[in-house]
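Encoded as structure tokens, the structure appears first; notes follow it.
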Amino acid sequence: MPSLRASVVIPTYNRPDRVRTCLEHLARQSVPPVEIVVVDSSPGDQTQAVVAAADGVIYRRNPMGRGATAESRAIGLADVTAEVVAFLDDDANARPDWLHQLLLRYADETVGGVGGSALNGIPGERDHGFANIGRLLPDGRLTGFFAADPGRDVVVDHLLGANMSFRRAAIDQVGGIHGGYPGTCLREESDLALRLRRTGYHLVYTPDAVVDHLPGEYAKGKRFDRRYSFYGNRNHVVLLARTLGWSSPITRRFPRTAVIEIRTEMRRLSTALPIYRANGAQAGLRTVVGVLTRMAALSLGLVAGYPAAFAQIRSDRRRSAPSARVEVGTPA
Amino acid sequence: MVSLSAYVLAGDPWWLEASVRSYYHLVDRIVVSYDQDHLSWTGTPLPVPECLDLIAALDVDDKCVYQPGHYARLDHHPLDNDTFQRQCALDAAGEDADWVIQLDTDEVLQRPDVFAGCVRDADEHAADGVEFPARWLYNTAGPSRFTRFVGRPDRPWFLERCRRFWGISATFPGPVAVRPGTQLTVARQGAAELFRVDYRAHNTDTHHPADAPVHRVIGADEGILHFSWVRDAAYMARKTGWSGHTTEYAEPRRIRNWRLRAKAPLATEAAVLWANRDERYRLVQLEVDAYVGARERVLLNGSTLS
């Protein structure tokens with residue numbers, strides 16, 4: 001049996017049915033959590049009703065609404081008492097030994113965080129990407145592959161927000177959870193992980209701690225894709241500058257990485273002509289517009305990232321100044 | 001702790017000594033694979049005894065295990081024979097090892113400690129092959145009016161494959177370290193999950209896409225020196241007959257260009273601007289004293305001023 005105990009925090013926005021299923025799966029854990037905190041940023045009270053019906057689950061509100069997942073995590077963190085805090089997405093259904101598997105890895109005291117697999121139901125997702133699980137590449141990109149099963153635990157640089165856990169003391173040591181990753185909330189989960197890595201903690205990915213990750217209802221469509229591209233680059237610049245600093249070679253290399261991605265996207269314009277010939281003018285035009293708008297979203301995101309990063313770093317400094325009142329684990 | 005072994009295909013004595021010496025201290029065992037009839041993958045004679053003598057002379061710790069076999073199967077394509085010989089050697093070298101080094105005999109590790117660190121990293125990250133960058137050297141370049149006035153007089157000049165605008169280019173002939181049990185598909189290739197090292201954070205190999213992932217960055221003098229065509233003319237003429245790529249190498253145009261470029265290195269360097277990606281070469285001076293045996297020294301003396 002693991003010697004440590006865990007609490008679970010579930011940030012959610014407007015998905016009461018998913019929260020109900022998620023809580024049902026948590027009730028079946030072989031090692032029960034000390035407490036479960038659901039942090040709700042939705043406008044209605046349906047989620048509150050779902051949580052009230054569940055036994056012993058703590059309900060907290062995040063008044064910031066949509067796009068404030070990191071802030072929700074921080075609100076949840078303030079309520080937990082266990083040595084380890086596990087974060088679970090509302091659309092992630094934990095398998096019965098999920099928490100047990102996560103906790104086993106904390107026997108090594110150098111481990112500051114443990115994440116597990118999030119299965120999306122894609123054929124073959126367990127079988128590839130082993131060398132690229134959870135890496136921060138020298139060019140500034142983050143790799144995923146959090147469904148891969150290399151047959152053993154792997155040391156990683158960051159974890160997936162849907163299924164990750166941290167030593168509570170380690171979170172406190174690095175100054176709590178950073179907010180300030182708006183929009184689609186991309187990269188917010190990597191902020192804490194990268195700061196822990198910089199402090200010297202190890203992060204471990206274990207394919208044995210599994211959640212079944214169902215896609216969200218609103219996460220689709222071209223509009224979502226453009227927002228995803230914009231906030232992906234914007235929040236990425238913020239992440240690198242805040243966690244590694246402006247002088248880090250990785251931060252300095254990222255603009256070139258982003259330009260390569262934009263150039264790769266531009267090459268897709270060459271597919272417009274064959275599409276036009278095969279499917280007509282409308283389809284060809286749709287391809288051109290799609291490529292151009294995605295390029296614009298990526299470029300604007302990159303540019304918007306720099307003032308946002310400067311502002312966040314200034315705000316981080318103000319909060320950590322000796323005269324400022326420091327509240328570990330409070331939202332940014 | 002990761003245990004390493006290696007295999008070496010004994011067939012070409014050029015740079016062999018330097019190559020094996022560069023990783024000898026890293027490995028517990030080296031499988032020396034050679035054709036029992038001293039024939040190449042195309043059936044032409046190979047200087048195998050000379051290679052075996054060189055290996056025996058440097059094997060001071062009795063790490064080498066000799067494995068003769070029949071690899072000149074004339075009813076197979078030379079590349080299939082190449083792959084087959086490597087697979088036999090890899091299987092033998094993989095017993096009791098975590099990783100197997102598969103360097104060719106004209107590839108020399110510049111910083112074995114950096115290479116070993118990359119293998120450890122790859123092991124930690126569940127990769128099953130390490131792609132380690134090589135600087136691909138095409139030929140030596142003799143003293144010219146230009147080289148007389150620049151650089152150091154005691155260092156040889158080489159023509160090295162480069163990117164457009166003379167930037168450094170890594171070449172990856174395949175993973176140079178793999179886990180035992182890897183099934184090779186073509187020559188050294190076969191590992192699926194590759195840990196990729198490069199000289200820059202953004203891919204520098206013209207045969208990979210610009211966004212190919214790079215897992216670790218090393219310095220320009222920490223990779224592999226691949227003395228690919230750095231041999232004397234008589235030997236190169238023979239080599240074209242036994243390589244796995246023999247049909248490609250044996251074109252008279254290739255040998256003719258190779259000679260011409262060595263004679264006109266500045267024109268070769270200028271041609272980088274319009275040459276295709278496999279024919280861009282830049283002039284570089286390299287410190288290779290540590291790698292040079294008697295045979296190589298004769299060749300390199302023609303490209304220095306001292």
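Here is the naming used below: chain letters follow the sequence lines, and residue numbers restart at 1 for every chain. Since the model is a prediction, treat every value here as computed from it, not as a measurement.
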**Q.** Spacing of B:H215 atom NE2 and A:D139 atom CG [to the nearest 0.5 Å]
**A.** 10.0 Å
Q) Contact part of A:T257 toward chain B, heavy-atom cut-off under 4.5 Å: side chain, backbone, both or neither? A) both
(Q) If you count every heavy atom of other residues, nucleotides or ligands that lies below 6.0 Å from B:D96 atom CG, does the total exceed 12? (A) no
Q | Region of A:R256 in contact with chain B, defined by heavy-atom distances below 4.5 Å | A | both
Q: Check each atom of A:D127 against the heavy atoms of chain B and say whether the ones under 4.5 Å are side chain, backbone, both or neither.
A: backbone
(Q) Heavy-atom cut-off 4.5 Å, strictly under: side chain, backbone, both or neither for A:R253 against chain B? (A) both
Q: Select one option (side chain, backbone, both, neither) describing which atoms of A:I133 are under 4.5 Å from chain B's heavy atoms.
A: neither
Q. In Å and rounded to the nearest 0.5 Å, what is the CZ to CG distance from A:R263 to B:D211?
A. 9.5 Å
(Q) Taking every non-hydrogen pair under 4.5 Å, which of B:A126, B:A127, B:G129, B:A192 racks up the most with chain A? (A) B:A126
Q. Will you find, in the side chains of B:H125 and A:N132, an N or O donor that is under 3.5 Å from an N or O acceptor?
A. no
Q. Judged by atom type as modelled, is there a donor-acceptor pair below 3.5 Å linking the side chain of B:E193 to the main-chain atoms of A:G129?
A. yes
Q) About how many Å separate CZ of B:R216 and CZ of A:R135, when rounded to the nearest 0.5 Å? A) 10.0 Å
Q) Of the non-hydrogen atoms in A:P138 and B:V214, which two are nearest, and what is the gap between them? A) CD-O, 2.8 Å
